[in-house]
Peer 1: 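Quick one: the structure is below, questions incoming.
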Amino acid sequence: MEGIQHELFMREALKEAEKARELDEVPIGAVVVRDGEIIGRGHNLRESTRNATMHAEMVAIQEANEQLANWRLEECDLYVTVEPCVMCGGAIIWSRMRTVYFGAHDPKGGAAGSLLNVLEDDRFNHTATVYSGLLAEESQRLLKDFFRELRKRKKQKNGEHA
Ligand SMILES: [Zn+2]
């Protein structure tokens, strides 16, 4: 696949992240792609659903499973704006995905290279290839703006000046 196509799918993941931001959720988005077609989309819904497992990747994987009526996502690739955590890394390998493209690294929770790499550990019976840094600046900017806004609002709530 051409680089431009990867960027296109990452832009779709960024659109999902934007939807999360509109819901006051940490802005992370993901899409699952098979044969050049998006079969699953998701954004972080942890707060709205009060469910710790509702990460963007989990939502996108569940939608792809439903779409294919199959838990196996063997020919599928995941595009996600931020490096997957251990939970999502687990879901990615257990659904047998092929490749993961992520944007920004997560130095405090990343399980695709930062803290550990569950996706490419061949002690597991399945591995997924990882590519990082795709449109990382855009993903990073969304996160930064979100947390800056959050701090500002907290300060205002506490009666301090922003
Ligand atoms: Zn996760």
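Order of listing sets the numbers, starting from 1, for every ligand and every atom in it.
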Peer 1: Under 4.5 Å side-chain heavy-atom separation, chaining through any Ile, Leu, Val, Met, Phe, Trp or Tyr, what else clusters with Met87? Say none if it is isolated.
Peer 2: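 Under the 4.5 Å side-chain rule, Met87 groups with Met58.
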Peer 1: Please determine whether the number of non-hydrogen atoms from other residues, nucleotides or ligands lying under 6.0 Å from atom OH of Tyr131 exceeds 12.
Peer 2: no
Peer 1: CD of Glu22: more than 12 outside heavy atoms within 6.0 angstrom?
Peer 2: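 For Glu22, atom CD is crowded (more than 12 foreign heavy atoms under 6.0 Å).
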Peer 1: With 2.8 Å as the threshold, which protein atoms of type N, O or S lie near the Zn ion (ligand 1)? Leave waters out.
Peer 2: His55 ND1, Cys85 SG, Cys88 SG
Peer 1: Only counting residues at least two apart or in another chain, list the ones meeting side chain to side chain donor-acceptor pair (under 3.5 Å) with Ser114.
Peer 2: Glu83
Peer 1: Is the shortest heavy-atom distance from the side chain of Val100 to the side chain of Ile92 under 4.5 Å?
Peer 2: yes
Peer 1: Hydrophobic clusters join Ile, Leu, Val, Met, Phe, Trp and Tyr when side-chain heavy atoms are under 4.5 Å apart, directly or via other members; which others share one with Leu23?
Peer 2: Leu45, Met54, Val59
